[in-house]
Novice: 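My questions will all concern the structure given below.
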Amino acid sequence: NASSVSLADAAYVKISEGDFGYVLDDVPHLVDYLPDAPTYPNPLQDHPAYSTVRQYFVNEDDNVPQKVIVQKNSRRGIHFRCAGPRQRVYFGSDEVKACIVTCGGLCPGLNTVIRELVCGLSHMYNVNKIYGIQNGYKGFYSSNYLTLTPKSVNDIHKRGGTILGTSRGGHDTKKIVDNIQDRGINQVYIIGGDGTQKGAYEIYKEIRKRGLKVSVAGIPKTIDNDIAIIDKSFGFDTAVEEAQRAIDSAHVEAFSAENGIGLVKLMGRYSGFIAMYATLASRDVDCCLIPESPFYMDGEGGLLQYIEKRLKESKHMVIVVAEGAGQDLIAKSLATSEQQDASGNKLLFDIGLWLTHKIKDYFKIKKMEMTIKYIDPTYMIRAIPSNASDNVYCTLLSHSAIHGAMAGYSCTVGIVNGRHAYIPFYRVTSTRNKVKITDRMWARLLSSTNQPSFLSPKDIDEAKETDRMANKPPLPTGISQASAI
Ligand code: ATP
Ligand code: MG
């Protein structure tokens, strides 16, 4: 029903004063869906594979809460629609013309998602018009569409990368929607990170403005695990597992030299999840540096002094650094201006190389013999196929996306508190998932590596305040804080 957006917004307006000046009522957080009620019976009801499932269809009113633990006196929280097949669907099988696009950087599992979208649409909903858009958003208007069939995608999950190709930049909403309209596409599956999901929302809004009956389903991809709301993104487990190999090599190098240092740079532009989990899993790491936790190089309790102490104690050490860590330190020392990629993302300085030079210079002055080996496995990790658990996860995400699009929803799919849910686009793009250094997980890491936290009491207070404010839910566009209270 067409009023779904305003209904969702109403959830924000019907609010009363709470911890943060406003709290949300527990009206389910509705995703956008197409006008008119879905009219077709879901073909799955006659599907032999599902005949044994006791309650296969998801009740419209089933919700997934964003927070499992509700504190005393706090109001009821945000809920999302439960993902899964609906009793009635919006499109007849032979009406569906679906397309799939992958955008942004590579991540293990992209091909599995493509495969499962094609096979799921075909096997569950008898859809046979499925197209692949080549090389990201710009492929909507600058390349031929590929025809995808279960046969053509059968083996692709065993390969890394994306068979469709990907790119940054090139998001021209008008041209993209012109092409969707001209080609009669009515289901658009968009796989990509935060930038891609913002692009998906723009496409959805333009589709809505033109009154087109097109579902847009976003499948969030981020190797960094930095997408908000969802528990975990696909490819993350694979990345952590593969990062172990780099850490193992760094450990061997460090162990085999006198005063050997193995330095590994891992992905994590804004969020250090891969570095944190790889460090916790490995147990060979003596120091883990992430963007969320500032550090300093020199002076009492600085990184260089810690390295010296560790070398004197055990003659070798392993450092893991997330690519986004210490960027402020480098910017200050190089005094260069910021550069951007084609999508407008900030280009990062190479923290690994910078640290290598700084560490070498320090020990040269100290006249202390040491060897440092710097390993950057980023592109090797991004390019591998997904592991078993990510493959299963990709399948479930793809199926959620298909069921949602068939029911006429436009949203992002993901696991919230262990349950598959439909999440409005703006929810996943308005904030970023970050390692909370005020959480127990980071404390566990510090106790596992035995590294200093590098934080002053003032830094710790600031981190706690940031954390408190991060719990304040963002308002949807168009609703001001004043009108909400
Ligand atoms: P990752 O950063 O994980 O590699 P991403 O999806 O964030 O993935 P980007 O290169 O930032 O990667 O964006 C992918 C696509 O989304 C690009 O084609 C870009 O033009 C488009 N895009 C990014 N931000 C926006 C935005 N705010 N509005 C519309 N399109 C956007
Ligand atoms: Mg991004």
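First listed ligand is number 1; within each ligand, the first listed atom is number 1.
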Novice: With the threshold set at 4.0 Å, does a side-chain nitrogen-carboxylate oxygen contact exist between Asp350 and Lys265?
Specialist: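 Result for this pair is yes, salt bridge flagged.
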Novice: For atom 1 (P) of ligand 1, what's the nearest protein heavy atom and its distance?
Specialist: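 Among all protein heavy atoms, the one nearest atom 1 (P) of ligand 1 is Lys221 NZ, 3.4 Å.
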Novice: For Tyr277 together with Phe236, are the ring centres under 6.0 Å from each other?
Specialist: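 Under 6.0 Å, so yes.
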Novice: For atom 28 (N) of ligand 1, which of Gln197, Met267, Arg168, Glu202 has the closest heavy atom?
Specialist: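 The residue whose heavy atom sits nearest atom 28 (N) of ligand 1 is Glu202.
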Novice: Is the ring centre of Phe234 less than 6.0 Å from the ring centre of Tyr393?
Specialist: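 Aromatic pair excluded; centres sit 6.0 Å or further apart.
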Novice: Is it true that Gly169 lies under 4.0 Å from ligand 1, counting heavy atoms only?
Specialist: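 It does; at least one heavy atom falls under 4.0 Å.
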Novice: Any idea which protein heavy atom is nearest atom 14 (C) of ligand 1, and the distance to it?
Specialist: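 Protein heavy atom with the smallest distance to atom 14 (C) of ligand 1: Thr196 OG1, 3.3 Å.
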Novice: Do Ser386 and Asn391 have a side chain donor and acceptor closer than 3.5 Å?
Specialist: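 Per modelled atom types, Ser386 and Asn391 side chains form a pair under 3.5 Å.
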Novice: Under a 3.5 Å distance rule, please check whether Ser271 uses its side chain to pair with a backbone N or O of Gly268 as donor and acceptor.
Specialist: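 Side chain of Ser271 to backbone of Gly268: no pair is present.
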Novice: Would you mind running through ligand 1 and noting each atom that sits below 4.0 Å from a heavy atom of Gly104?
Specialist: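 In order of numbering, the contacting atoms are 4 (O), 8 (O), 12 (O), 14 (C).
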Novice: Select the closest option to atom 22 (N) of ligand 1 among Gly195, Gly105, Gly193, judged by heavy-atom distance.
Specialist: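 Heavy atom nearest to atom 22 (N) of ligand 1 belongs to Gly195.
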Novice: Considering distance alone, does some N or O of Asp194 sit under 3.5 Å from an N or O of ligand 1?
Specialist: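 Asp194 vs ligand 1: N/O contact under 3.5 Å present.
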Novice: Are side-chain N/O atoms of Tyr189 and Gln187 paired as donor and acceptor at under 3.5 Å?
Specialist: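 Note: Tyr189 and Gln187 side chains meet the donor-acceptor criterion.
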Novice: Do NZ/NE/NH1/NH2 and the carboxylate oxygens of Asp194 and Arg432 come within less than 4.0 Å?
Specialist: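 Yes, charged N to carboxylate O under 4.0 Å.
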Novice: Suppose we measure from atom 19 (C) of ligand 1 to each protein heavy atom; which comes out shortest, and what is that distance?
Specialist: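 Here the closest protein heavy atom is Ser343 OG, 3.5 Å.
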Novice: For atom 26 (C) of ligand 1, what is the nearest protein heavy atom, given as residue, atom name and distance?
Specialist: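 Ranking protein heavy atoms by distance from atom 26 (C) of ligand 1, first comes Lys198 CB, 3.7 Å.
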Novice: Do Asn345 and ligand 1 have an N or O pair less than 3.5 Å apart?
Specialist: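 Yes; at least one N/O pair falls below 3.5 Å.
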Novice: So, applying side-chain hydrogen bond (donor to acceptor under 3.5 Å, both in side chains) with Lys232, which one of Asp237, Thr222, Asn225 is it?
Specialist: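 When Asp237, Thr222, Asn225 are each tested with Lys232, the side-chain hydrogen bond (donor to acceptor under 3.5 Å, both in side chains) holds only for Asp237.
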Novice: Under 4.0 Å, counting heavy atoms only: does Arg269 come that close to any atom of ligand 1?
Specialist: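 False for this residue.
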Novice: Only heavy atoms of Gly199, strictly under 4.0 Å: list the atoms of ligand 1 that pass.
Specialist: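 Under 4.0 Å from Gly199, ligand 1 has these atoms: 29 (C), 30 (N).
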Novice: Need the ligand 1 atom indices (1-based, order shown) with element for anything under 4.0 Å from a heavy-atom of Tyr137.
Specialist: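 Counting from 1, the qualifying ligand atoms are 15 (C), 16 (O), 18 (O), 21 (C).
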Novice: Looking at His403 versus Tyr409, is the centre-to-centre ring distance below 6.0 Å?
Specialist: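 His403 vs Tyr409: aromatic centres not under 6.0 Å.
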Novice: Taking just the N, O or S atoms of Asp194, which one is nearest to the Mg ion (ligand 2)?
Specialist: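 Answer by atom name: OD1.
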